[in-house]
Amino acid sequence: MKIDPTRYVGRPADPTGRLDRELACYDLLDQLGIAYERVDHEAADTIEDCVAIEAYLEAPICKNLVLCNRQKTDFYLLLMDGQKPFRTKELSKQIGSSRLSFAPAEEMERLLGVTPGSATVLSLMNDKEHRVRLILDKSVAEAGLFGCHPCINTSTLRLSMGEIREKFLPHIGVTPTVVDLPGEA
């Protein structure tokens, strides 16, 4: 994977070739006074791709999973430690939901305005009807710095979880549910 080794402060100086949804993330972060640094890279579709980016970012990149119930009436965005395995049974039990599965790509795009591999806490700004419930694993909720994509997986931002919880989430009207997912068995 090709990674630009520079860790940039703030938005790209030249927006040429950047998607509107990415630029909208920078606009909102700037409006809210949330500091961020950025690393640009080739598309990072999996958490394994993100491991190399973490070294440049100097922050862990969390796993972002868009989930739904069988009827596709309840949707969730789960942020969890990238190294933890996802076990639907554990999460379902803690949030009082039936078994969950991965939401279809078309639902991700319709609800969050992103494609697979680009889901992020920042994509909740696109969920104007609040159809997607935010679930934070305790380890992510209590993290200082963390990494996530700006609604596209060709850049990764280093953000403060405190600023996301104190500024971003209240601004978009989202209250997260915190769960405690187990690590390796």
* Asked: Can F102 and L65 be said to form a side-chain contact (heavy atoms from CB on, under 4.5 Å), step by step?
  -> CA-CA 7 Å; F102 294 103; L65 305 176; 3.8 Å; yes

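- In the hydrophobic clustering of ILVMFWY residues, with side-chain heavy atoms under 4.5 Å counting as a link, V140 and L91 come out apart.
- With hydrogens and angles disregarded, no donor-acceptor distance shorter than 3.5 Å links the side chain of D49 to the backbone of A44.
- A salt bridge is defined here as a Lys NZ or Arg NE, NH1 or NH2 lying under 4.0 Å from an Asp or Glu carboxylate O, and E42 with K2 fails to meet this definition.
- The closest side-chain heavy-atom distance from M80 to S139 is not below 4.5 Å.
- Counting side-chain heavy-atom gaps under 4.5 Å among Ile, Leu, Val, Met, Phe, Trp and Tyr, the cluster of L19 also holds I152.
- Residues P116 and N153 share a closest heavy-atom pair of O-ND2, 4.5 Å.
- A salt bridge is absent between D137 and K63: the closest approach of a Lys/Arg side-chain nitrogen to an acidic carboxylate oxygen does not fall below 4.0 angstrom.
- Residues I135 and L79 have side chains not in contact (no heavy-atom distance under 4.5 Å, counting atoms from C-beta outward).
- E58 contributes atom CD, which lies 14.5 Å from atom CD1 of I53 (distance to the nearest 0.5 angstrom).
- More than 12 non-hydrogen atoms from other residues, nucleotides or ligands lie less than 6.0 angstrom from CZ of R110.
- Using a 4.5 Å heavy-atom cutoff, the side chains of L159 and L122 are in contact.
- Residues P12 and Y26 are in side-chain contact: their nearest non-hydrogen atoms beyond the backbone lie under 4.5 Å apart.
- Closest heavy-atom contact between M1 and A43: CE-O, 3.4 Å.
- Looking at T88, its side chain does come within 3.5 Å of a backbone N or O of L100 through a donor-acceptor pair.
- Counting heavy atoms from C-beta outward, H171 and L28 have side chains that approach closer than 4.5 Å.
- Of the possible polar contacts, one joining the E54 side chain to the I61 backbone as a donor-acceptor pair under 3.5 Å is found.
- Of the possible polar contacts, none joining the S123 side chain to the V114 backbone as a donor-acceptor pair under 3.5 Å is found.
- Under a hydrophobic clustering in which Ile, Leu, Val, Met, Phe, Trp and Tyr are joined whenever their side-chain heavy atoms come within less than 4.5 Å, directly or via other members, I34 and V174 fall into the same cluster.
- Taking CZ of R158 as the reference point, atom OG1 of T156 lies at 13.0 Å (rounded to 0.5 Å).
- Side chain to side chain, H41 and S155 fail the donor-acceptor criterion of an N or O pair below 3.5 Å.
- Residues V39 and Y8 form no side-chain contact, since every pair of their non-hydrogen atoms from C-beta on lies 4.5 Å or further apart.
- Annotation: the span from S118 atom OG to E22 atom CD amounts to 9.5 Å, rounded to 0.5 Å.
- The structure places CD of Q31 at 11.0 Å from CZ of F168, a figure rounded to the nearest 0.5 Å.
- For R7 (side chain) and L57 (main-chain N/O), a donor-acceptor pair under 3.5 Å exists by modelled atom type.
- In this structure, the side chains of N64 and L78 stay at 4.5 Å or more apart for every pair of heavy atoms.
- With values rounded to the nearest 0.5 angstrom, R87 atom CZ is found 10.0 Å from K84 atom NZ.
- Judged by distance alone, the side chains of Q71 and T73 never bring a donor and an acceptor atom under 3.5 Å apart.
- Side chain to side chain, D81 and Q83 fail the donor-acceptor criterion of an N or O pair below 3.5 Å.
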* Should T154 and D40 be marked as a side-chain contact (heavy atoms from CB on, under 4.5 Å) after you check the CA-CA gap, both sets of side-chain angles, and the distance that decides it? -> CA-CA 6 Å; T154 54; D40 296 327; over 6 Å; no

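- Here the side chain of E163 pairs a donor or acceptor atom with the backbone of A35 at under 3.5 angstrom.
- Criterion: ILVMFWY side-chain heavy atoms under 4.5 Å apart, direct or through other members. Under it, V66 and Y76 are not part of a common hydrophobic cluster.
- Side-chain N/O atoms of D30 and Y36 include a donor and acceptor closer than 3.5 Å.
- The structure places CZ of R165 at 6.0 Å from CG of L136, a figure rounded to the nearest 0.5 Å.
- At least one donor-acceptor pair under 3.5 Å links the side chain of R21 to the backbone N or O of C151.
- Under a hydrophobic clustering in which Ile, Leu, Val, Met, Phe, Trp and Tyr are joined whenever their side-chain heavy atoms come within less than 4.5 Å, directly or via other members, L77 and I172 fall into the same cluster.
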* Asked: Can you list the steps and then say if L67 with F86 is a side-chain contact (heavy atoms from CB on, under 4.5 Å)?
  -> CA-CA 11 Å; L67 307 164; F86 172 63; 3.7 Å; yes

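- Minimum interatomic distance between L23 and R18 (heavy atoms only, all atoms of both residues): CD2-CB, 3.9 Å.
- Under the 4.5 Å side-chain heavy-atom criterion for Ile, Leu, Val, Met, Phe, Trp and Tyr, L169 and M161 are members of the same hydrophobic cluster.
- A donor-acceptor pair is defined here as one N or O able to donate and one able to accept, closer than 3.5 Å; such a pair exists between the side chain of K167 and the backbone of G33.
- Between the side chains of T120 and H149, no donor N or O sits under 3.5 Å from an acceptor N or O.
- A donor-acceptor contact shorter than 3.5 Å links the side chain of R38 to the backbone of G10.
- The backbone N or O of D74 sits less than 3.5 Å from a side-chain atom of N69, completing a donor-acceptor pair.
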* Show your working on side-chain contact (heavy atoms from CB on, under 4.5 Å) between L112 and M125 and close with a plain yes or no. => CA-CA 8 Å; L112 298 173; M125 66 187 266; over 6 Å; no

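- When side chains are defined from C-beta on, I47 does not count as touching V51, because their heavy atoms never get closer than 4.5 Å.
- Remark: R133 does not engage D127 in a salt bridge, criterion side-chain N to carboxylate O under 4.0 Å.
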